[in-house]
Amino acid sequence: MTAFGAEPRVSPGACAPAHACAHCGLPVPPWLVEARAERQFCCSGCRTVFGIIHSADLGQYYRIRDAVGDRDAQPARTTASDYAEYDDPAYLAVYARPLEGGMMETSFLLEGVHCAACVWLIERLERLVPGVVTSRLDFRRATATVTWNPAAAPLSSVAKGLENLGYPPHPPRGMRKDQIRQAENRRYWIRVGVAGALAGNIMLLAIALYGGLFGGIAEEFRQLFRWFSAGLGILSLAWPGSIFFRGALGALRARAPNLDVPIALALAVGGAWGVVNTVRGTGEIYFDSLAALVFLLLVGRWVQHAQQRRAADAVELLFTMAPTRARLVEPSEGGERRRTVPIEAIEPGMIVEVLADESLPVDGEVVAGESRVDEAVLTGESAPVRVAPGSQVSAGCVNLAAAIRVRVTAAGEEARVGRLMRLVAEAAERRAPVVRMADRIAGWFVVIVSTLALVTVVGWLFIEPSLAVEHATALLIVACPCALGLATPLVLSAVTGRLARAGTMIKGADALEKLARPGTLLLDKTGTLTVGGLHVAAWRGDEAARPLVAALERHSAHPAARALAAMSDRALPVERVEQATASGISGELAGRAVAAGTARYLESLGVAADPELLAWAASEAETGARTPVFVAVDGEMVAAAALGDQIRPDAGELLERARRAGWRVGVLSGDRGEVVGAVARQFGLDPGCAHGGQTPEEKLAWVRRLVSERGVGGGQW
């Protein structure tokens, strides 16, 4: 995929742009083209990385990239960070481990990894950073494992070296848990591989035995094949199949039978009677069926666990919304000092500073500064929220306008975003009701099947005593609950996988069963019913002011500025820019004085209000819950824009289909109540079922209350 907002990279033979970036190959914006320059760059990051790659004699990277046909190139991103927090003992204790000879090893999650050439470049980090011994990249997980000599280079220089190559590094949250998981995965796959190999070889022996029934087989070979099958079958039950026996014993000790009990019973009885028949030299030995059963059940169980782990991985990615470092403000002899530390070193009561355009690393109370904060990541609120001393802020939100200082109340996993992610993780680990039901009936299943087996033995003692145990054993093997033990997790995984490909994350398999019957469907607004993010929904006034405003707003990181900047791609020279905190921006470009912002901001610049534009903006704010932005050119208010969140084009049809299917549809959003009400009216929803200003915790309380009142179908609003 290409970087957001960038055009696809031009392939050979296509109509090439006038200028392509010498590093990433993407088109260079017209305003960044340097006349008579040998090479052009789309951003300062690409320029920096290009120079560093060639200074380290790593130019072969570009030849490898072109050879592999990379189509996912993206502009290089560099930061002003010195990564000093990576040298903090608290960070090293969590994310690094000592090796022999004084070496240390750590891992980083890297941005911008997109092709095989990236692997080649990252694994030559030692050419750029003295002290690095080895650097290995896991391409699928974009994780670099670096071994370095701390006496020769601090970890911060290693991290800066990775960024200089165009791959900003981040600490891998949950690294130790991931290492434990990888070890468990290896052990489990060894078990599955052994089970598959044994089942395959026993099947080959079974083919020879079954073929001998029709074509004849020498008795010595028949017995030899039976003994080989018995040996391999016992090995399959004793090692790969032991997981079911341990599970059954644990369930019986806890007096909570589960599916492992009937499975273990079938495997034990079938294996024991198979050995007896092998020694007797007559009768069925069952080992081909038992080995295949062990293999398939292990595969089914793995698929089920893998789906749960994918959901947990998605939760881990969500948790990276909060920064991993903070700018700590401490008193010193000269007044105060600032230093960047890992989030693990932050404790309640400390003071941290958050600059404009930075994400908040902690929960806390603002003690200095005024700004506006984008809380959409937690609440869905599309409009920034004003904060001042005394305001509460949360980790993961973005500080938009000016620097603020925050007294820490919680950090890391104890922060609000961490607690929310734990709730999501708990939901992801829930088992589907059909699986829980199967465990509940497992005890009765064992009693019923055992009783039937006993009846079979007694009955055949009167018919043909020599076949009594044979038929009872066959009954136990056939009655093994393969459908619940294998088919159920496979079906659930197939459904969740298909939904994942469609962009839907299922946090708990129990949700699939709830969708089978209509009830109450609660939807968020931002990103669900709407696209998410502001856009210019309406414009009133002078059309010629559009490119002027767009060029000016490119110099601001405010969400409203990004929406206005998208109105035009004309490159206009901007001579001067002045920005007021959360109220507007002004400047000179193309020989004209341009300003955009609130009516009060323009009034402070001496611009007289236009009554017609004010009335139009008030109407848009009331009927469409849109945010007005007024535009002045050369001291005169000439236009107004109404900013709003864009409705998803497919949302109306999907909501109508849900209503026809019997679902009651409601909206719970963190956005303002008037905005949520306006969206509900557009979809024809009952305004009484649309509630704004809801925090994530309040949304959870709504769901719990509705379920407690009327079960899954939902209660009264």
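Positions are given from 1 along the sequence.
- Rounding to the nearest 0.5 Å places NE2 of His170 at 11.5 Å from OG1 of Thr143.
- Taking the six-membered ring for Trp, Phe108 and Tyr83 have ring centres at least 6.0 Å apart.
- The heavy-atom pair separating Leu128 from Ala56 by the smallest distance is CD1-CB, 3.9 Å.
- Separating the CD1 atom in Ile53 from the CD atom in Gln60 is a distance of 12.0 Å, to the nearest 0.5 Å.
- Nearest approach of Ala20 to Gly25, heavy atoms of both residues: CB-O, 3.9 Å.
- Residues Lys160 and Asp82 are not in side-chain contact: their nearest non-hydrogen atoms beyond the backbone lie 4.5 Å or more apart.
- Phe295 pairs by the ring-ring contact (aromatic ring centres under 6.0 Å, His included) definition with nothing, not counting sequence neighbours.
- At least one side-chain heavy atom of Tyr167 sits less than 4.5 Å from a side-chain heavy atom of Leu121.
- Here the shortest heavy-atom pairing between Val354 and Pro361 reads CG2-CD, 3.9 Å.
- Between Ile122 and Ala144 the shortest heavy-atom distance is CG2-CB, 4.3 Å.
- Identified under the salt bridge (Lys or Arg N to Asp or Glu O under 4.0 Å) test for residues 108-123, with sequence neighbours left out: Arg77-Glu111.
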Is there a side-chain contact (heavy atoms from CB on, under 4.5 Å) between Thr145 and Asp138 once you walk through the steps?
-> CA-CA 8 Å; Thr145 300; Asp138 182 340; over 6 Å; no
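- Using modelled atom types, one side-chain atom of Trp148 and one backbone atom of Ala153 make a donor-acceptor pair closer than 3.5 Å.
- The side-chain contact (heavy atoms from CB on, under 4.5 Å) test applied to Arg47 returns Glu34, Phe41, not counting sequence neighbours.
- Within the 3.5 Å criterion, the main-chain N or O of Leu298 finds a donor-acceptor partner in the side chain of Tyr188.
- Applying the side chain to side chain donor-acceptor pair (under 3.5 Å) rule to Arg63 yields no partners; only residues at least two apart in sequence or on another chain are considered.
- Atoms CD and CG, on Glu575 and Leu589 in that order, are 7.5 Å from each other to the nearest 0.5 Å.
- Atom CG of Leu162 and atom OG of Ser135 lie 6.0 Å apart (nearest 0.5 Å).
- Considering only residues two or more places apart in sequence or on other chains, Leu99 meets the side-chain contact (heavy atoms from CB on, under 4.5 Å) condition with Arg97, Met103, Glu105, Thr147.
- Scanning for side-chain contact (heavy atoms from CB on, under 4.5 Å) contacts around Thr48 gives Ile52, with sequence neighbours left out.
- Under the salt bridge (charged side-chain N to carboxylate O under 4.0 Å, His left out) criterion, Asp650 pairs with Arg648, sequence neighbours left out.
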Take Leu165 and Leu58 through the test side-chain contact (heavy atoms from CB on, under 4.5 Å) and record every step on the way to the result.
-> CA-CA 10 Å; Leu165 292 177; Leu58 295 172; 4.2 Å; yes
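- The closest donor-acceptor contact from the side chain of Thr106 to the backbone of Tyr95 lies under 3.5 Å.
- Between atom CZ of residue Arg191 and atom OG of residue Ser242 there is a gap of 4.5 Å, rounded to the nearest 0.5 Å.
- The distance from the CD atom of Glu85 to the CG atom of Leu92 is 11.0 Å, given to the nearest 0.5 Å.
- Taking both residues in full, the closest heavy atoms of Pro169 and Tyr86 are given as O-OH, 3.3 Å, listed atom of the first, atom of the second, then distance.
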Steps toward side-chain contact (heavy atoms from CB on, under 4.5 Å) verdict (Val194, Leu235) | CA-CA 9 Å; Val194 171; Leu235 182 58; 5.6 Å; no
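- Proximity of a side-chain donor or acceptor of Asn399 to a complementary backbone N or O of Ala402 within less than 3.5 Å is detected.
- Side-chain atoms of Tyr91 and Leu155, non-hydrogen and from C-beta on, do get closer than 4.5 Å to each other.
- For Ser156, the side chain to side chain donor-acceptor pair (under 3.5 Å) partners at least two apart in sequence or on another chain are Asp87.
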Criterion side-chain contact (heavy atoms from CB on, under 4.5 Å) on Val408 and Glu347, from CA distance to verdict = CA-CA 7 Å; Val408 179; Glu347 297 179 357; over 6 Å; no
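- In terms of heavy atoms, Cys43 sits closest to Ala76 at SG-O, 3.8 Å.
- Scanning for side-chain contact (heavy atoms from CB on, under 4.5 Å) contacts around Arg339 gives Asp88, Leu328, Glu330, Arg337, Val341, with sequence neighbours left out.
- Residues forming a side chain to side chain donor-acceptor pair (under 3.5 Å) with Thr530 (at least two apart in sequence, or on another chain): Asp645.
- Listed by chain and residue number, Phe50, Tyr62 satisfy the ring-ring contact (aromatic ring centres under 6.0 Å, His included) test with His54 (two or more places apart in sequence, or in another chain).
- In terms of the side chain to side chain donor-acceptor pair (under 3.5 Å) criterion, residue partners of Glu358 (sequence neighbours excluded) are, by chain and number, Arg327.
- Side-chain contact between Val294 and Trp239: absent, with no pair of heavy atoms (C-beta onward) separated by less than 4.5 Å.
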